[in-house]
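Atom set for the values below is all heavy atoms of this structure, side chains included, hydrogens, waters and symmetry mates excluded. Quick caveat, the model's predicted, so the values are computed rather than measured.
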Amino acid sequence: MTSTHQRPAAPEAERGAAARWLALAVLALAVLLVAVDATVLGLATPYISEDLKPSGTQLLWIGDVYSFVIAGLLVSMGSLGDRIGRKKLLLTGAVAFGAVSVLNSYATSPEMMILARALLGVAGATLMPSTLALIRNIFHDPRERSLAVGIWGAMASAGAAVGPVVGGFLLEHFWWGSVFLINLPVMAVLVIVGIKLLPESKNPSPGPWDLISVALSLIGMIAVVYSIKEAAAHGLRWDVATAAVVGVGALTWFVRRQLTLTAPLLDMRLFRNRGFSGAVLADLLTVLGLSGLVFFLSQFLQLVQGRRPFEAGLAELPAAAGAVAAGLVAGMVARRFSVRIVVAGGLAAVGLSLAALTTLSQNTGYPLLGASLLVVGIGAGFSFTVTADVILSSVPKEQAGAASAVSETAYELGAALGIALLGSIVTGVYRDFTAPPGTPADVAAASHESLGGAVESVVSLPARQADALLSAAQSSFVDGLRLASGVGAAVLLATAVAAWFLLKGQKLEDGVEH
């Protein structure tokens with residue numbers, strides 16, 4: 001934990017309470033936008049496929065390149081914000097995010113869409129670390145900061161839930177590009193109000209921005225995330241193995257270089273703090289265990305239970321409601337009991353809820369699913385809010401951008417690992433189903449590729465044969481989802497145990513910084 005020491009008075013330290021909370025409202029807009037954007041693409045993918053007609057590989061890149069780029073640049077952008085100013089980086093990134101959203105909306109080819117998604121990742125990498133770092137520098141009272149972090153996390157959860165609802169509504173009434181254009185009014189408000197309300201903050205002695213470290217971080221993270229996803233989806237090929245070696249080599253070089261620089265991009269000594277390391281590890285493993293479920297749950301609701309996109313989005317709302325409620329009180333509860341009780345208890349609750357989903361069937365009623373999602377949201381809201389608070393409190397405020405970026409990178413890497421590993425379980429089980437006798441070879445092949453492929457391909461079959469094939473495909477998909485839920489539950493329960501030991505003695509700060 002950092003000591004609370006005297007520092008020279010700064011204008012932002014004298015800002016009134018109203019100004020601090022108005023500034024937080026501006027930051028919450030940025031978080032909401034990034035969270036919404038991360039969820040709407042999944043709903044829009046079938047429409048993009050129909051319009052732009054990408055190949056299978058191009059479709060994967062459209063879905064993945066945003067997360068590849070944002071994972072590769074988070075640490076670099078967090079460190080850049082510490083150097084040039086977090087407000088400046090946030091507002092510049094917001095303008096870029098809005099402009100590139102237009103490019104996404106009006107993409108006319110798969111190649112243009114891939115480029116647009118990559119550029120959106122560059123802009124997105126400037127937003128999340130900057131918002132959390134600004135919170136660290138705006139709120140000097142740790143109790144106020146805990147509530148601010150809770151609101152920050154609540155907006156992220158709300159955005160993740162609002163995304164499918166808003167996206168589903170837009171896709172039912174407008175063309176697919178509309179899901180990206182919703183970014184523009186939010187970004188406009190963010191920039192106009194942010195110029196006035198947000199205080200600037202940066203490291204007073206930052207040192208140079210090491211471009212070699214930036215390149216190593218970008219190459220290493222992209223190569224590692226790419227190799228994980230490709231190996232899980234298509235097996236270990238020579239190109240995948242090469243990417244893995246290049247990625248690990250680049251990250252190793254990155255770490256060694258940081259230890260020798262007088263002004264490193266990321267101070268590796270932060271990881272010597274057990275609370276910091278434990279919180280980052282908890283975030284990574286939690287997202288790993290959850291992401292596969294979230295990724296496939298929308299398909300279950302739409303392609304197995306036959307819900308429309310808007311209805312499927314509404315069905316997922318309990319998770320967001322639970323996360324918002326828990327996030328707002330997490331800091332207070334962690335001070336009343338302890339950090340490790342709240343984090344480990346939250347993770348255990350998520351794990352048990354995932355275990356309950358191993359009983360899913362095609363005809364499972366909504367009460368079980370809704371109750372499980374509510375508990376998942378509550379547990380995740382407690383855990384993520386407190387770990388974010390621990391990470392921010394564990395570092396000097398001058399390094400808040402880099403520390404926040406480490407936290408966000410853990411989320412991105414956890415999501416990549418979760419979708420790759422748990423996704424491969426679902427896909428592997430799904431592809432084992434047997435098509436009914438007499439099914440044409442091309443229809444059977446398309447059906448075994450994905451559940452979406454099965455839904456599209458059966459339209460060419462007689463009704464009885466189509467029903468038999470679709471029922472077999474849906475049943476196999478649910479089998480895979482149950483197994484993935486079980487593995488996710490095991491990961492979350494193991495993470496709860498690890499958090500119990502790693503966060504022993506960890507406390508949230510109480511004294512106000514001066």
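- The two residues Leu368 and Ala356 come nearest to each other via the heavy atoms CD2-O, 4.5 Å.
- Between Leu369 and Leu301, some side-chain heavy-atom pair lies under the 4.5 Å cut-off.
- Looking at every heavy atom in both residues, Val224 comes nearest to Ser227 through O-OG, 2.8 Å.
- Note that the CE atom of Met112 and the CZ atom of Arg117 stand 14.0 Å from one another [nearest 0.5 Å].
- In this structure, the side chain of Ser105 engages the main chain of Gly177 through a donor-acceptor pair within 3.5 Å.
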(message) Between Leu184 and Leu181, is the side chain to side chain contact (heavy atoms under 4.5 Å, CB included) condition met? List the steps.
(response) CA-CA 6 Å; Leu184 295 181; Leu181 290 182; 3.9 Å; yes

(request) Would you check, one step at a time, whether the test side chain to side chain contact (heavy atoms under 4.5 Å, CB included) holds for Leu251 with Leu216? (result) CA-CA 6 Å; Leu251 291 179; Leu216 290 173; over 6 Å; no

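- A donor-acceptor contact shorter than 3.5 Å is absent between the side chain of Ser383 and the backbone of Gly379.
- Using a 4.5 Å heavy-atom cutoff, the side chains of Leu24 and Ile135 are in contact.
- To the nearest 0.5 Å, atom CD1 of residue Ile222 and atom CD1 of residue Ile70 are 11.5 Å apart.
- Closest heavy-atom contact between Gln362 and Gln305: O-NE2, 3.5 Å.
- Aromatic rings from Trp152 and Phe384 are positioned such that their centres are separated by 6.0 Å or more.
- Ala388 and Val149 get closest at one heavy-atom pair: CB-CG1, 3.7 Å.
- Between atom CG of residue Leu27 and atom CG of residue Leu90 there is a gap of 6.5 Å, rounded to the nearest 0.5 Å.
- Met113 places a side-chain heavy atom less than 4.5 Å from the side chain of Asn104.
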(request) Determine, step by step, whether Leu120 and Phe97 satisfy the side chain to side chain contact (heavy atoms under 4.5 Å, CB included) criterion, reporting the C-alpha distance in whole Å, the side-chain angles of both residues, the deciding distance to 0.1 Å, and the verdict. (result) CA-CA 6 Å; Leu120 201 65; Phe97 201 93; 3.9 Å; yes

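- Minimum heavy-atom separation, Leu190 to Ala94: CD2-CB, 3.6 Å.
- A side-chain contact (heavy atoms from CB on, under 4.5 Å) with Pro318 is found for exactly one of Val376, Ile378, Leu374, namely Leu374.
- Under a 3.5 Å cut-off, the side chain of Thr126 and the backbone N or O of Thr92 do not form any donor-acceptor pair.
- In this structure, CZ in Arg307 is found 7.5 Å from OH in Tyr366, a value given to the nearest 0.5 Å.
- The two atoms that bring Gly351 and Leu492 nearest to each other are CA-CB, 3.6 Å, heavy atoms only.
- In this structure, Val375 and Leu352 have side chains that are not in contact, with every pair of non-hydrogen atoms separated by 4.5 Å or more.
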(message) Applying side chain to side chain contact (heavy atoms under 4.5 Å, CB included) to Leu103 and Phe180, what does each step give before you reach the verdict?
(response) CA-CA 9 Å; Leu103 187 62; Phe180 298 106; over 6 Å; no

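- Salt-bridge annotation for Arg464 and Asp467: absent, with no side-chain N of the basic residue lying under 4.0 Å from a carboxylate O of the acidic one.
- With values rounded to the nearest 0.5 angstrom, Leu360 atom CG is found 11.0 Å from Asp479 atom CG.
- Without hydrogens or angle criteria, Ser475 side chain to Ala472 main chain gives no donor-acceptor distance under 3.5 Å.
- In this structure, CG in Leu373 is found 7.0 Å from CG in Leu357, a value given to the nearest 0.5 Å.
- Under the 3.5 Å distance criterion, the side-chain polar atoms of Thr385 are left unmatched by any main-chain donor or acceptor of Phe382.
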